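Owing to the predicted nature of the structure, the values given are computational and were not obtained by experimental measurement. A note on names: the letters A, B, ... follow the listed sequences, proteins ahead of strands, and every chain is numbered from 1.
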2 protein chains.
Amino acid sequence: MNTDVPSPRRAPTLEHVARVAGVSRATVSRVINGVRNVDPEIADVVQRAIAATGYVPNRAARALVTRRTFAVALVVSAPDDVAFEDPFLGRAFADPFFGRVASGALAELADRDLHMILMRVNDEPARAELLGHLRHGDIDGVLSIPVAGTDPLPRMLTEARVPVVLFGRPADTLAISYVDATQDAGAAMAADHLVGRGCQRVATICGPADTPAGADRLTGFRTAMARHGHAYVPAVEGNFTHDGGESAMLALLRHDPDLDGLFVANDLMAQGAMLVLRDAGRRVPEDIAVVGFDDSVVALSTRPKLTTVRQPVEEMAAAMVRLLLTHIEDRARPVASVIFEPTLVIRDSA
Amino acid sequence: MNTDVPSPRRAPTLEHVARVAGVSRATVSRVINGVRNVDPEIADVVQRAIAATGYVPNRAARALVTRRTFAVALVVSAPDDVAFEDPFLGRAFADPFFGRVASGALAELADRDLHMILMRVNDEPARAELLGHLRHGDIDGVLSIPVAGTDPLPRMLTEARVPVVLFGRPADTLAISYVDATQDAGAAMAADHLVGRGCQRVATICGPADTPAGADRLTGFRTAMARHGHAYVPAVEGNFTHDGGESAMLALLRHDPDLDGLFVANDLMAQGAMLVLRDAGRRVPEDIAVVGFDDSVVALSTRPKLTTVRQPVEEMAAAMVRLLLTHIEDRARPVASVIFEPTLVIRDSA
DNA sequence: GTGAAAGCGCTAACAT
DNA sequence: ATGTTAGCGCTTTCAC
């Protein structure tokens, strides 16, 4: 192995490695990409040359020929009428939920040397641009976190036949891959727990009816309550924000002042609701037991600490990555979904 | 203009556009990159051809020759001993603060068609990899959010002479560009406000001494209090988390039970502190006035709502992007910093 | 099993 | 002012 090749000031290329190893570029390329047809002896020399030169493949060059960029987009998408300055969406990145998704996906991507490009799309030009990137091969696929049920992006992505995985089932019936948790089962756990501790007058603050998560949690909760003999459960819809939780709680209290159990469709709203309950002189859990959903960081910052249904968001995000990769590697692969089971985390509020 | 060129099933290339427009690739390239030497007439024909074909430049090809990828990394970095599962860092992405930075930077980048790659680096391999990407030209530059003062990354980036901008001034004296707010001035506003409303026994929950923000806010606060005749201000250090705020408040109360004013170095800790105060039977602001720092979303979810020093985080992040671009465009450009002024947002806690 | 050679789509000299 | 040409660094037939 020829060791006195001058080290270039630019990053070493395949060519350099090849010269150092005394072989051709093609062989080095084969070694790097793990193609079988390589003599172990030669492979070894090449490996040493790679180490000696500190060679790292150039992504752009590789992307140009393979038509894969080894980058996926994590997109937070919303319909046109939802501005990211809205309380609902302004939260998008600030929301602990988003942080967990990003975190889980990142861990899985980093292991594979894939880059994660963060994008926010909430208007037609942005959607067109995203599609352009995909079609053009600037991005290999997309992990999408839809924040509203009316978002047109999932359908566009599906029709463009582009690798995509959604967080949560799509609002419309769509042939699209997604990762979700059994929202209804989670809500049922909340119901069982509330009933189990003896609550008789139970209500719920549910999520927006046009979001699958909102709808499923409400249905699951009502079904389980019915099973326990509570045919009717008062529900007020909130928008998944802290303030939304406050207003919903106010409305609920006005209507049913003697509640002794409450299921809130996410922790942020539960936090708001608990503030209102305290202002109203209700003790939690003595007067009214409260169960949230998500197990986000805010569940630990309520007083008392929030009992809540935990979604394994990080693992779900990791699963999204794995699923997306199968689609990227085989464009013909049929859509699939991966469903996780939530768990009840019992703390002090119920 | 030749319009009957068959549309390729692959994304159109410069070549296609050139054929449609009846000119050479070079000319099309020139109009796309806004090089002057183009006949307005021809430029117009080319523009139409671009529109007709739906042409979008291929990033990989462009990156290969220009040695610019038009992508910057937003890195959340920490020293080796800080695991991202720590309460301190687990927050990283979940922290509303991070969300604001990402949001502000993204807006500025999107306007320029630059991609934002999210990275988390908290060990040596990750640091080496990041440096490799930079040196290799896989990434044009980095926006760094250091979460602890002892982080070695800023120095490494500086020494590698790579385009980088920090959020907040570096912990060490380093020739590095950064964007910051006048932390001491912000803390002084809190002091003035507390003294202005008549507080006599004032303490502070400060941030980690090894973070510039923590240190500056403490110094600024003490200096301003001294100016008002309060030579000594009790301080307990917290770690910028909700729980940290709780423990610090507990310690403070044990030591100085009769406080009537409190400055907390960030909103998250203020939230925790207020919970402890309530448990201790202290009314805010009647018994003790509380001022936070940041004006993050949690400032609106405390009871009473938190009076706090606002940092214009989104604008600061946008400034980081602009500063970074100057470094990317001119590698020899001397380091610079941009400093913003915080403002006091008066709500109900003080 | 290995090398030679062609190109991926683009920009930037260099000619004209 | 425009076209021609030579690569950027890599993968991938296709010969051998």
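- B:D138 has its CG atom 10 Å from the P atom of D:dC10, to the nearest Å.
- Listed for the A:S29 side chain is no donor-acceptor partner under 3.5 Å among the backbone atoms of A:R25.
- Atoms NE2 (A:H136) and P (C:dG9) sit 9 Å apart, rounded to a whole Å.
- Listed nucleotides D:dC10, C:dA4, C:dG9 differ in distance to B:T13; the shortest reach to its side chain belongs to C:dG9.
- Between A:R68 atom CZ and C:dC8 atom C1' there is a gap of 16 Å when expressed in whole angstrom units.
- Comparing atom distances between the A:L14 side chain and each of D:dT13, D:dT11, C:dG9 picks out D:dT11 as nearest.
- For A:H115 and B:H115, the distance between ring centers is not under 6.0 angstrom.
- Atoms CZ (B:R25) and P (D:dT4) sit 10 Å apart, rounded to a whole Å.
- The residue A:S29 sits close to a base: some heavy atom pair falls under 4.0 Å.
- Put simply, CG on B:N58 is 13 Å from C1' on D:dC8, counting in whole angstrom units.
- Regarding A:L64, its CG atom lies at a distance of 4 Å from the C1' atom of C:dC8, rounded to whole Å.
- Across D:dC10, C:dT2, D:dT12, the shortest atom-to-atom separation from the side chain of A:D39 is found for C:dT2.
- Side-chain contact between B:M320 and B:L324 is absent, with no heavy-atom pair separated by less than 4.5 Å.
- Among the nucleotides D:dG7, C:dA4, D:dT2, the one closest to any side-chain atom of A:R30 is C:dA4.
- No side-chain donor-acceptor contact under 3.5 Å links A:R127 and A:S77.
- Counting only N and O atoms by type, the side chains of B:S103 and A:R120 include a donor and acceptor under 3.5 Å apart.
- The separation between A:E15 atom CD and D:dG7 atom P is 13 Å, rounded to whole Å.
- When rounded to the nearest whole Å, the span between CD1 of A:I32 and P of D:dT12 equals 13 Å.
- Nucleic acid contact for A:R67: sugar-phosphate only, since backbone atoms but no base atoms lie under 4.0 Å from a heavy atom of the residue.
- Phosphate contact (OP1/OP2 of D:dT11, side-chain N/O of A:N33, threshold under 4.0 Å): present.
- Nearest nucleotide to the side chain of B:S24, out of D:dT11, D:dT4, C:dC10: D:dT4.
- For B:V65, counting side-chain heavy atoms from C-beta on, the closest listed nucleotide (D:dT11, D:dT2, D:dG7) is D:dG7.
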